[in-house]
Amino acid sequence: QVQLVESGGGLVQAGGSLRLSCAASGRTFSNYVMGWFRQGPGKERDFVAAISWNGGTLDYADSVKGRFTISRDNAKNTVYLQMNSPKPEDTAVYYCAARSGPYFPRQYLRQTTAYDYWGQGTQVTVSS
């Protein structure tokens with residue numbers, strides 16, 4: 001089994017910055033596609049970003065493109081989400097997710113059903 005633990009969430013002012021981390025268990029982390037999703041109050045869990053096993057392919061939701069950066073450090077079994085210039089509408093519970101296997105077409109990897117493992121989430125609140 002794979003366990004994912006998010007950290008780094010909290011309260012941040014609009015225009016500030018925040019870095020979320022997701023630590024994964026197991027030796028096979030480098031084989032996983034990793035993604036970040038978020039779920040605001042009363043909303044569905046939506047795609048934020050994804051990264052291929054070697055970091056060579058990145059994908060972002062249009063709403064965060066240019067502001068957020070996903071990265072990974074396979075030696076540390078950790079994926080990150082750097083949040084720059086967050087906005088109040090970015091307020092949500094952020095979840096990391098992992099999928100074993102190849103990096104499928106981006107439209108598929110933007111769906112929650114594409115992922116096999118999920119963390120418990122970390123709350124991010126952006127104040128104006």
Side-chain angles (χ1 to χ4, degrees):
Q1 63 179 18
V2 175
Q3 295 182 2
L4 305 174
V5 180
E6 302 97 335
S7 63
L11 178 64
V12 62
Q13 291 187 335
S17 65
L18 197 68
R19 189 181 75 165
L20 307 183
S21 299
C22 175
S25 66
R27 295 182 177 180
T28 60
F29 174 78
S30 62
N31 296 328
Y32 301 153
V33 174
M34 301 295 297
W36 284 98
F37 290 74
R38 66 187 181 185
Q39 186 168 12
K43 298 181 179 180
E44 298 294 323
R45 189 171 300 187
D46 292 328
F47 171 78
V48 176
I51 187 169
S52 61
W53 71 271
N54 63 355
T57 302
L58 308 175
D59 188 32
Y60 298 96
D62 289 341
S63 59
V64 306
K65 192 173 299 182
R67 299 187 298 116
F68 293 4
T69 302
I70 188 171
S71 62
R72 66 192 299 163
D73 186 339
N74 288 345
K76 296 181 178 180
N77 286 358
T78 302
V79 63
Y80 305 96
L81 185 69
Q82 179 68 40
M83 304 172 61
N84 293 333
S85 300
K87 304 175 181 179
E89 52 262 43
D90 295 320
T91 295
V93 176
Y94 283 72
Y95 300 88
C96 70
R99 173 185 170 82
S100 62
Y103 194 97
F104 277 68
R106 65 173 59 186
Q107 293 300 325
Y108 176 69
L109 294 176
R110 289 176 173 177
Q111 306 299 314
T112 60
T113 53
Y115 296 85
D116 303 302
Y117 307 101
W118 293 86
Q120 293 183 331
T122 184
Q123 176 71 47
V124 173
T125 302
V126 183
S127 62
S128 61

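The first residue of the sequence shown is numbered 1, and numbering continues consecutively from there.
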Who pairs with N54 by side-chain contact (heavy atoms from CB on, under 4.5 Å), at least two apart in sequence or on another chain?
-> S52
Are L11 and L18 in one and the same hydrophobic cluster, where Ile, Leu, Val, Met, Phe, Trp and Tyr link if side-chain heavy atoms are under 4.5 Å apart?
-> no
Give the cluster check for Y60 versus W53: same hydrophobic cluster or not, with ILVMFWY residues linked at side-chain heavy-atom distances below 4.5 Å.
-> no
Residues that Q123 engages under side-chain contact (heavy atoms from CB on, under 4.5 Å), provided they are two or more places apart | T91, V93, T125
Report the distance from atom OG of S17 to atom CZ of F68, rounding to the nearest 0.5 Å.
-> 11.0 Å
Heavy-atom neighbours of E89 CD exceed 12 at 6.0 Å = yes
Ring pair (Phe, Tyr, Trp, His ring centres under 6.0 Å) filter on F47, not counting sequence neighbours, yields F37
Does anything in residues 73-85 pair up under salt bridge (Lys or Arg N to Asp or Glu O under 4.0 Å), and if so which pairs, sequence neighbours excluded?
-> none
N/O donor-acceptor pairs under 3.5 Å from side chains in residues 79-87, not counting sequence neighbours:
| unit_1 | atom_1 | unit_2 | atom_2 | d |
| --- | --- | --- | --- | --- |
| Q82 | NE2 | N84 | OD1 | 3.1 |

Name all pairs fulfilling the disulfide (SG to SG under 2.5 Å) condition that reach into residues 37-128, sequence neighbours left out, sorted by first residue then second.
-> C22-C96
Heavy-atom closest pair (A24 atom, L4 atom, distance to 0.1 Å) is CB-CD2, 3.5 Å
Might you point out which heavy atoms bring Y115 and A50 nearest each other, and give the distance in Å?
-> OH-CB, 3.7 Å
How many angstroms lie between atom CG of N74 and atom CG of N31, to the nearest 0.5 angstrom?
-> 9.0 Å
Hey, any chance M34 and L58 share a hydrophobic cluster, counting ILVMFWY side chains that come within less than 4.5 Å of each other, even indirectly?
-> yes
Under 30°, 30 to 60°, or over 60°: which ring-plane class applies to W118 and Y95, parallel, tilted or perpendicular?
-> perpendicular
Among the clusters formed by ILVMFWY side chains lying less than 4.5 Å apart, do Y108 and V33 turn up in the same one?
-> yes
Name all pairs fulfilling the salt bridge (Lys or Arg N to Asp or Glu O under 4.0 Å) condition that reach into residues 94-118, sequence neighbours left out, sorted by first residue then second.
-> D59-R106, D59-R110
Quick note, salt bridge (Lys or Arg N to Asp or Glu O under 4.0 Å) partners involving residues 31-55, not counting sequence neighbours, are R38-D90
Keeping to residues at least two apart or across chains, list the salt bridge (Lys or Arg N to Asp or Glu O under 4.0 Å) pairs with something in residues 5-22.
-> none
With sequence neighbours excluded, give me every disulfide (SG to SG under 2.5 Å) pair touching residues 99-128.
-> none
